[in-house]
Protein chains: 2
Amino acid sequence: MEKQTVTIYDVAREAGVSMATVSRVVNGNQNVKPATRQRVNDVIDKLDYRPNAVARGLASKKSTTIGVIIPDVTNGYFASLARGIDDVASMYKYNIIMENSDENDQKEMLVLNTLLAKQVDGIIFMGNRVTDKLRDEFSHSRTPIVFAGSVDDQESVPSVSIDYVESTAEAVSKLIKEGNKKIAFISGSLSEPINGKYRLAGYKQALKEAGIKFDEKLIFETDYSYESGIKLASQLKDTDITAAFAGDDRLAAGVLNGLTDQGVKVPDQFALITSNDTQVAQLVRPQLTSITQPLYDIGAVSMRLLTKLMNKEEIDEPTITLPYGLDSRETTKK
Amino acid sequence: MEKQTVTIYDVAREAGVSMATVSRVVNGNQNVKPATRQRVNDVIDKLDYRPNAVARGLASKKSTTIGVIIPDVTNGYFASLARGIDDVASMYKYNIIMENSDENDQKEMLVLNTLLAKQVDGIIFMGNRVTDKLRDEFSHSRTPIVFAGSVDDQESVPSVSIDYVESTAEAVSKLIKEGNKKIAFISGSLSEPINGKYRLAGYKQALKEAGIKFDEKLIFETDYSYESGIKLASQLKDTDITAAFAGDDRLAAGVLNGLTDQGVKVPDQFALITSNDTQVAQLVRPQLTSITQPLYDIGAVSMRLLTKLMNKEEIDEPTITLPYGLDSRETTKK
DNA sequence: ATTTTTCATGAAAGCGTTTTCTACACTTGC
DNA sequence: GCAAGTGTAGAAAACGCTTTCATGAAAAAT
C-alpha cells in the first residue's frame, strides 16, 4: 500500500495545468483563476500532495528553518528560552534545528558550520562566552543571528536579555539592607562576561553605594552544577559570610540544600538570592528569593527580532533589554 | 567583504576538474587519485567551500535530518530524553528538527506533516497518547519512526522505554511493605495508556499480591503540573490515606511541598514515591524516593534504533525495554 | 605486442521546486 | 474598431548537488 511520492508534476498532469500553476496555488499567488485554483486544490487533496520542502528550499534559497545553538536543553533556564523561541518560530512558520553545544568552543564552531551548511535562514545563539573565532564567523556570514539570554560584550551582535548589572546590584542591595555585610558572590566562570563583567559590576556597585569595601575573598568562581553548590555550602559554613548572591539557580539550590543539610538556618543565619527564576527556585524549601526574568519572553522576543532581521527590516535598537523583577521569597528576611 | 556563495562548480573550475570529482572528494569516495584529491581539498580550503546541504538533500534524497516530536522541552523528563537523542544523532551526523507538540492531537498532526515535508529521514516521537489518525499517518509513511519513553499500546511502532507495569508494582509493593494500606495512585490522564493501562495495572497487581482490595476512590487523575500537586495535597491531608504513588515528578513535588507546608510530616505521616527520577526529585527536601529510569539512555537507544531502521537493518526486537531501579530516598521510611 | 582489466575522470541527466519571461485571450478606453 | 492594458497560464531555466554511464589511459594478463 506504499504510495509513491507524488510531485508537483503529478498534480499538474492530473489537474490539466502546468507545474507553474500548481506552484502558484500552493504558494497562494493570486494570479490564478478561482476555478483553476479549485481544481488544483481538489487534485492536491485527492493525491495527498505535500510539497517537498527541500526542493523548495533549493529553488527559493530559503529553508524556513532556523538554527538554535543551546548549551544544554536539560538546563531549565535554556529550555525556557527555547520554548519561547520555538513558539514564535512556529507562529512564523519556521522550523528549528537544535544543537547542544555544551558551551564547548570547538563544538560551537562545528554546529555553526553544519547549521550554515543546512542553509538555515537565521540563527539564535545561547551561551555565555563567544570566542573571537566564532564572532568572526558570525560577522562573515550573511545569515542573521541573535543572542538570547546573553549579551555579546562587544555588542556587535543583536541580543535580547535583561540588565545584568542593575538586577545584580538590586539583589545585592537588598541583601545589604537586610543587615548583611559579608556577602558572597557565587557564579560560574568569571571569564564569561555575564559573570566577570556584568554581574560582578553590579555587585561592586551595590557594595560601593553602601560604603562596603570589596573583598576578593568573597568571590566564588565555580561551575553551574547543583553539586558544586553543595560543595560550596561546606566552605561557606565556617566563615563569617552571612549571605550570598548566586548567578544560577541550580547552583543556588545546591548551596541552599547543602547549608540546610548542615544545620544552617536559611534565611535566619544565611540569606540567599538567585538569578534566573527557573522552576527550581520555587521547588526547594525554603523557596529561593530570586531576580525574576521573563525567560519565555526573552526567547520569544529573540525569535521575533530574528524574523525582522531575516526580512531585512530596519531595526532601531539591536540590543534589547527586557524588564526584570526581584521576588522576595523565603531565603531572604523580608 | 561579503563573499558570494561558492558552489561545487567554482571549486571544480579552480581545481581544473569536473564537479563529479569534487563531489567524490567531498563524499570520501575512494575513486580519486591522491594527487587530485589533494588539489581539490586545497581549493576547498582556499575558497572556504561548504557543500549546500539542501542541494545535497534534493539530489541524494537524504536530508540527514531527523524530526523529534516532544511534548514540552521545558519538562525535565523529556529534555533528558532529548539530550540523549541529540548526542547520538550528532554521533551519526544527523541534525535534529525539534517540535513542541504540547500533547495536542491537532498540533501533533501538523508538526508530523511539516516534518515529512522537510523530508526528515526518521522521526522520534515522545508523548503518551497516540490517536488513531496519527498512528495511521505513521504507518502510511515510509519514514521510520520510534517512540521514546512511551509505548504504543498496540505495539505497532518500535519503542524504547522501561517496564511501567513492573516498576509501578515494585514501588507500590514497597509502600505496602512499609505498612501502608491506603495508597493513593496519582497520575495524569488515565486515557493515556502509560497511566490507565500500564501503571494502573502495576498498582493493582501489587495490591492483589498483598491481598488488599482495590479502591476506586484512591485513584487521583489530574495533570502533570506542580500546581496540581499542591492542590492535591490539601485533598489528601484530610483522609486516611498514608501513602501515594505518583506518575510524575513535578506532580509529586507539588504533593510533597503541599503536604509539608500544611504540617504533614513526610515520610512519617505520609510516604511518597515518584516515577521519573528527574533532577526535581533530588532537589526537594525531603528528597523523593523514586523509580529510577535511564532517561538519557532511553533517548540515546531510541536514536540508535532509529539509525538502524533508517539503514534498513534487520531489527530483532522493535520494542526495547530498558532496566529501571528504585532509589529509596527520604520520602519513604527505609 | 596485443587484449583485457582496472582506475580515474568527465558529461550529463536528474532531484522537485520557484521564478522569470513570454504569450495569449480578453477587457478597456477612446 | 483599434491600440493599450490586464489577467491567466505555460515553457523553460535555474537552484547546487549526486549518480549513472561512458571513456580514455594505465596496468595487468596473455
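Throughout, protein chains are lettered first and strands after them, A, B, ... in sequence-line order, and every chain is numbered starting at 1. The basis for the numbers below is simple: all heavy atoms, side chains too, and nothing from hydrogens, waters or symmetry mates. Nothing here was measured: the structure is a model prediction, and the numbers come from that model.
In this structure, B:Q119 places its CD atom 16 Å from C1' of D:dC17, rounding to the nearest Å. We find that CE of B:M19 is positioned 18 Å from P of D:dC21, with the value rounded to whole Å. Rounded to whole Å, the distance from CG on A:L47 to P on C:dG16 is 15 Å. Rounded to an integer number of Å, the gap from CD of B:Q30 to C1' of C:dT9 is 15 Å. Rounded to whole Å, atom C1' of D:dA27 lies 13 Å from atom NZ of B:K33.
One end of the helix from C:dA1-D:dT30 to C:dC30-D:dG1 points its axis 30° away from the other end's axis, with each axis taken from 5 pairs and the angle rounded to 10°.
Contact detail for A:V160 and A:I298: the closest heavy-atom pair is O-CG2, 3.5 Å. Across all non-hydrogen atoms, the minimal contact from A:M310 to A:P144 is CG-CG, 3.7 Å. B:A148 and B:L81 make their closest contact through O-CD1, 3.9 Å (heavy atoms, listed as atom of the first residue, atom of the second, distance).
Distances shown here put a side-chain N or O of B:T36 below 4.0 Å from the OP1 or OP2 atom of C:dT9. Between B:N31 and C:dT9 there is no side-chain polar atom (N or O) within less than 4.0 angstrom of OP1 or OP2. In terms of phosphate contacts, A:T7 brings no side-chain nitrogen or oxygen within less than 4.0 Å of OP1 or OP2 of C:dG16. Taking only side-chain nitrogens and oxygens, B:Y9 never comes nearer than 4.0 Å to OP1 or OP2 of D:dA14. In terms of phosphate contacts, A:S23 brings no side-chain nitrogen or oxygen within less than 4.0 Å of OP1 or OP2 of C:dT17.
Contacts classified as ring pair (Phe, Tyr, Trp, His ring centres under 6.0 Å) and involving residues 43-82 of chain B (residues at least two apart or in different chains) are not found.
Not a single donor-acceptor contact under 3.5 angstrom links the side-chain atoms of A:R50 to the base of C:dG16.
Ring planes of B:F138 and B:F125: perpendicular class, angle over 60° (limits at 30 and 60°).
Within a heavy-atom distance below 4.0 Å of DNA chain C, the residues of residues 51-64 of chain A found are A:P51, A:N52, A:A55, A:R56, A:A59, A:S60.
Side-chain proximity of B:R24 to D:dC17, D:dA9, C:dG10: nearest is C:dG10. Here the side chain of B:V17 is nearest to one of C:dA8, C:dG10, D:dG10, namely C:dG10.
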